[in-house]
2 protein chains.
Amino acid sequence: MAELRWANEMLQQAGLRITAPRVTVLRVLAERPHAAADTIIGAVRSDIGAVSTQAVYNVLQVCTDAGIVRRIQPAGSPARYELRVRDNHHHLVCRSCGTVGDVDCAAGEAPCLEPSERLGFDVDEAEVVFWGICPDCAPPVREEETV
Amino acid sequence: MAELRWANEMLQQAGLRITAPRVTVLRVLAERPHAAADTIIGAVRSDIGAVSTQAVYNVLQVCTDAGIVRRIQPAGSPARYELRVRDNHHHLVCRSCGTVGDVDCAAGEAPCLEPSERLGFDVDEAEVVFWGICPDCAPPVREEETV
DNA sequence: CCGAGAAACTTGACTGATTCCAGAAATGGT
DNA sequence: ACCATTTCTGGAATCAGTCAAGTTTCTCGG
């Protein structure tokens, strides 16, 4: 079970207490990147039994604040969470089903882009969301018809 | 009043019926770009009297669908609406007060950026949000909570 | 080993933003 | 002006998430 201890270490290094809900949330996120709170709650419950909804929201909140979890909120979908947090990568979101995919940031460090005008803002991050249709939602075209 | 008729024309060209709520919502948006539904409802009411909340939401919905209004939904803030819709420009959002500013897209046509990997998605838009602190919320000023 | 204080969890009410619904009113083509 | 269609009204309902109060659990000094 030593290989399952990474979650404990993540929490420890972030200065957070190690508790069953926390460890489980992190493990769930490792398995299902971009899961919504809803999904996470379900997975945590089927993993360790009863856990309050609030507890999971608390865990997500403290982990996000501690910088070990990243929250993404694509328009029209509930918040999603992921563990990839160091690299400032971006996301592909399906307009039809909401599926989220990761794309590496082409430009390296944050903010990876510069606004053309700054309007006096002190910009620290450029968040990029690529909108499109995922392979599963693609219109049913026959393979022969490759226009 | 001929110069106030642009709203009617916009609706007409979009194939939408001309009604007081619609015309007023468009005028409000012209004056206050990036307004939230809340703000729009207030402004419409002080303009033409009683209008149901639902009516405004309907107007925003049909206009967005018709492509004459654009909806933006920065994380942690209610949806905002704007009339700039042809050019695919981007936004600056203040982490503190939520103020939104426009920035022209440096790269021209949509999608102005290309994801480094496509994962099979058919990408049609790259949405960029620059996060930062606006001049009004900049540090040197004393922290007078207005959240 | 014990107890105090802090941190985390549970429960349940509550909020804000938005949508759904059914009926009444307004719009625009003939 | 008439009528079918579209839009607006009012109110209930939903969804995602937050708040607050009370209880349990952990951690650490004595």
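Just so we're on the same page: letters track the sequence lines, and every chain starts at 1.
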(message) Checking the side chain of A:Arg71 only, and the main-chain atoms of A:Ala79 only, is there a donor and an acceptor separated by less than 3.5 Å?
(response) no

(message) So B:Val100 and B:Glu82, do their side chains get closer than 4.5 Å, heavy atoms only?
(response) no

(message) Which residue in the set B:Arg84, B:His34, B:Arg86, B:His89 passes side chain to side chain contact (heavy atoms under 4.5 Å, CB included) when paired with B:Arg70?
(response) B:His89

(message) Classify A:Thr19 by what it touches in the nucleic acid, base, sugar-phosphate, or nothing, heavy-atom distance under 4.0 Å.
(response) sugar-phosphate

(message) I need the CG-P distance between B:Leu16 and D:dC8, as an integer number of Å.
(response) 10 Å

(request) Name the first nucleotide and the last nucleotide along DNA chain C (5' to 3') that come under 4.0 Å of a heavy atom in chain A. (result) C:dA7 to C:dG12

(message) If you compare all heavy atoms of B:Leu26 against all heavy atoms of B:Cys63, which two are closest, and at what distance to 0.1 Å?
(response) CD2-SG, 4.4 Å

(message) In whole Å, I'd like the distance from the CD atom of A:Gln54 to the P atom of D:dA21.
(response) 14 Å

(request) Answer with base, sugar-phosphate or nothing: what part of the nucleic acid does B:Ala36 contact at a heavy-atom distance below 4.0 Å? (result) nothing

(request) Report the distance from atom OH of B:Tyr57 to atom P of D:dG11, rounded to the nearest whole Å. (result) 18 Å

(request) Quick one: label B:Val62 by what it contacts on the DNA or RNA (base, sugar-phosphate, nothing), any heavy atom closer than 4.0 Å. (result) nothing

(message) In whole Å, I'd like the distance from the CD atom of B:Gln61 to the C1' atom of D:dT6.
(response) 16 Å

(message) For a quick check, tell me whether the side chain of A:Arg17 and the base of D:dT27 share a donor-acceptor pair closer than 3.5 Å.
(response) no

(request) Identify which nucleotide among D:dA20, D:dT9, D:dA16 has an atom closest to any side-chain atom of A:Pro78, counting heavy atoms from C-beta outward. (result) D:dA16

(request) Would you kindly confirm whether B:Ile48 and B:Ile41 end up in one hydrophobic cluster when ILVMFWY residues are joined by side chain heavy atoms under 4.5 Å apart? (result) yes

(message) When you group the ILVMFWY residues by side-chain heavy-atom contacts below 4.5 Å and let the links chain together, are A:Val23 and A:Val25 in the same group?
(response) yes

(request) Mind calculating the distance between CD (A:Gln73) and C1' (D:dT18) to the nearest angstrom? (result) 14 Å

(message) Please determine whether residues A:Val93 and B:Trp131 belong to a single hydrophobic cluster, defined as Ile, Leu, Val, Met, Phe, Trp and Tyr linked transitively by side-chain heavy-atom distances below 4.5 Å.
(response) no

(message) What is the distance, to the nearest angstrom, from the CG atom on B:Asp65 to the P atom on D:dT6?
(response) 15 Å

